[in-house]
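So the structure is just underneath, and the comments pick up after that.
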Amino acid sequence: MQQQKPARSWKSSSLIAMQVMLDIVIINLSMLFAIFLYFDFHVYNWALERFMRLWPAMTLLCLGAFAFTKMYRTLWRYAGLNEAVRIVIGSSVGIGLTYAYSLISLYFVHGVRQSSAMMPQPTYIYAWFILMILAGGSRFSVRIINQLGVNNRAVDKDRRQRVMVVGAGWGGAQIIRQLNARGYREGMPVIAVDDDMSKKGTRILNVPVLYGVVNIPEYAEKYQIDEIIIAIPSATKGRLREIMDACTATNCKLKMVPGLHDVTNGETRLGELRDVNVADLLFRDEVKLDMASISDYLTGKVVLVTGGGGSIGSELCRQILPFAPSRLVVLDIYENNAYELVNELHQKYPNAKVDILIGSVRDIGRLDNVFNDVRPNVVFHAAAHKHVPLMEFSPAEAVKNNVFGTMNTAKTAEKYGVERFVLLSTDKAVNPTNVMGATKRATEMVIQYIARTSKTRFMAVRFGNVLGSNGSVIPLFINQIQAGGPVTITHPDITRYFMTIPEAAQLVLQAGAIGESGNVFVLDMGTPVKIVDLARNLIRLSGYRPDDEIELKITGLRPGEKLYEELMMSEEKDGLCTTDHEKIFVLKPIVLDSAAFEQGLNALRITAHEHPEDVRTALKAIVPTYRMEEQKTAQVG
């Protein structure tokens, strides 16, 4: 690498030297042409004598003006409006200084008092105009020649990606300029589409602007579009919904210019395209957090996250660190994920104190050691078995980990005086039809039971499916699409609530700030989404045609799987209350029979260890809303 740098420097210096030599010729030709034009192409010796006295100074002054306006530091193969402005300014400054020099030289150096001894004033104007044309032509010809050469050798016209740009404003123009400058290797802009009637019929770098976002499917078919780029970074969520609806009705691959929020969050850089993903299709408004209330219970505190290496647990850790806890401890049984997370956090927050501890929430002795050493102020309990079909196959393990792992952690937290304990629950806990959901409902009941007599503030947060989390449907669909299909759907009418991983983590933090002991919070999950629509959109976003290039296959409901999820039980609906946060609701706790609950827990513990085949019946005794199905072989996929 070190041997290549001098070569590049020499090449760059050579190009600048060639530009300077060409400019010397251009500058002097400009004045000569101006003289000839002024005198109708007659040659007068006195005019040539004045030119010979003037040219050395004019050359130096114009070259200096060109250097000042950075005309020798510009990549002219990508020249555009900004470069044209540089040429105008450089030529104006150069000729202006030359005229000023002439005046100063005549009146103060040579002592000449007659303006007739100067070059005629109109020749300076002519020279300025000719200099702009020649300087601009010599430079923009580089772009034209480069563009013609690239077009001929880059990609065969028949093989280029044909691109539609949505948005004919600044963002759209920049995208078209980028694609052109890169020789169409990343796509050839064919049309731009905008809803601004004043732009209809105009062109951006020879790309026609058509009217009407609603006509995108028609335009895509007519112009044989392969890829659509949405270039409206300032678009509102509602506006994006209209555009996305039109775009997903095509079979084109989608990309978009990131919005300002993505850039300020460091998720991408300004002007850098990114693929449209399924999360974009949720059109969820950005979560607005009460930063002060969250800071009050996290800043300067010791925070423990169980299951911290998982999808939600790891995102919680990322969201917690900006609030400057005195220490963040990640507890997980699986060391690989936790190790990668801690390395990531150490790189992003080098001054933060982040530790990783390995252990299981099923091991009460290990928990006691951890809490005794760490002395956490706040605990987020994300450790759990969550795969529905797997837990149908191993129900006793789900009970041991989810129910009694939560009880172990909650009891230990109470013992060591933890201030807040936040349990991550799920909408599958509502009227559960599977073991996993039933165990999560039992965990909610456990913390409500303990909260009644504890100084620790226990609370649970109930939410739905999280896009992109481990074991979620999105990674499965992506793998199936990459393998060429089929994409498997368990039922054509199945629906689910979805939210993004950061959104879920942020709302969990917010719930922890406003919760009272024993509260179960329900998050606003928006509108439920049909899984088949989700699959079709994901296929389209991948650049394929659903039911044509990628098959959708209905496989039948899996053991314990519901057609739709609920966020609250019927007996809870009357007790649903709003909170200070528009997306968080709190449920009135259901009164428990303490003696019966304790007896049920003891029976469940014994059954899980000694009679695992009867664990569903014991679980049903604790969770009356659990609708048991006949045990089937779990189908994973």
Side-chain angles (χ1 to χ4, degrees), residues 217 220-221 226-228 244-255 275-283 311 385-395 398 426-428 432-437 464-501 525-566 627-637:
E221 183 176 358
D226 302 304
E227 181 176 276
I228 298 175
M244 290 287 191
D245 286 345
C247 291
T248 53
T250 72
N251 292 313
C252 302
K253 187 172 183 180
L254 300 184
K255 290 186 177 180
D275 290 334
V276 173
N277 54 55
V278 178
D280 294 315
L281 302 180
L282 291 180
F283 307 106
S311 304
H385 288 324
K386 64 177 185 177
H387 294 277
V388 170
L390 290 181
M391 294 307 99
E392 290 300 299
F393 193 69
S394 304
T426 170
D427 57 2
K428 293 177 176 60
T433 58
N434 52 68
V435 169
M436 194 282 284
N465 294 271
V466 179
L467 285 175
S469 63
N470 293 333
S472 73
V473 71
I474 301 303
L476 172 64
F477 283 170
I478 290 174
N479 290 336
Q480 290 176 336
I481 292 169
Q482 290 175 345
V487 172
T488 56
I489 310 294
T490 59
H491 194 284
D493 296 325
I494 194 168
T495 63
R496 289 292 182 267
Y497 291 98
F498 283 99
M499 67 195 324
T500 64
I501 293 177
M525 298 294 297
T527 304
V529 178
K530 290 187 72 171
I531 299 298
V532 68
D533 292 339
L534 191 70
R536 291 183 189 278
N537 283 332
L538 193 57
I539 292 170
R540 291 189 184 101
L541 293 179
S542 302
Y544 299 102
R545 293 188 297 274
D547 301 312
D548 183 4
E549 295 177 310
I550 300 291
E551 176 192 0
L552 277 85
K553 183 179 179 181
I554 305 300
T555 60
L557 289 174
R558 298 177 297 183
E561 188 173 35
K562 290 196 276 187
L563 272 180
Y564 60 93
E565 299 291 1
E566 306 158 274
R627 303 196 296 268
M628 290 192 301
E629 294 183 346
E630 293 183 5
Q631 185 175 357
K632 303 175 184 178
T633 302
Q635 302 169 8
V636 182

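The chain is numbered in sequence order, starting from 1.
- For T250, the side chain to side chain contact (heavy atoms under 4.5 Å, CB included) partners are I216, P217, A220, I228, C252, not counting sequence neighbours.
- With values rounded to the nearest 0.5 angstrom, K428 atom NZ is found 9.5 Å from K386 atom NZ.
- Partners of P486 under the side chain to side chain contact (heavy atoms under 4.5 Å, CB included) rule, at least two apart in sequence or in another chain, are E551, K553.
- Under the rule for a side chain to side chain contact (heavy atoms under 4.5 Å, CB included), the partners of L552 that lie at least two apart in sequence or sit in another chain are I489, V532, A535, R536, I539, P546, D547.
- Between the NZ atom of K530 and the NE2 atom of H491 there is a distance of 9.5 Å, given to the nearest 0.5 Å.
- A side chain to side chain contact (heavy atoms under 4.5 Å, CB included) with I531 holds for exactly one of D493, T490, T495, I494; it is I494.
- Every residue was checked against the side-chain hydrogen bond (donor to acceptor under 3.5 Å, both in side chains) condition with N479, not counting sequence neighbours, and none meets it.
- Considering all non-hydrogen atoms of both residues, A398 and V435 come closest at CB-CG1, 3.8 Å.
- The two residues E392 and M436 make their nearest non-hydrogen contact at OE2-N, 4.4 Å.
- Remark: E549 CD is packed, more than 12 non-hydrogen atoms of other residues, nucleotides or ligands lying under 6.0 Å away.
- In terms of heavy-atom proximity, T488 sits nearest to Q480 at OG1-NE2, 2.9 Å.
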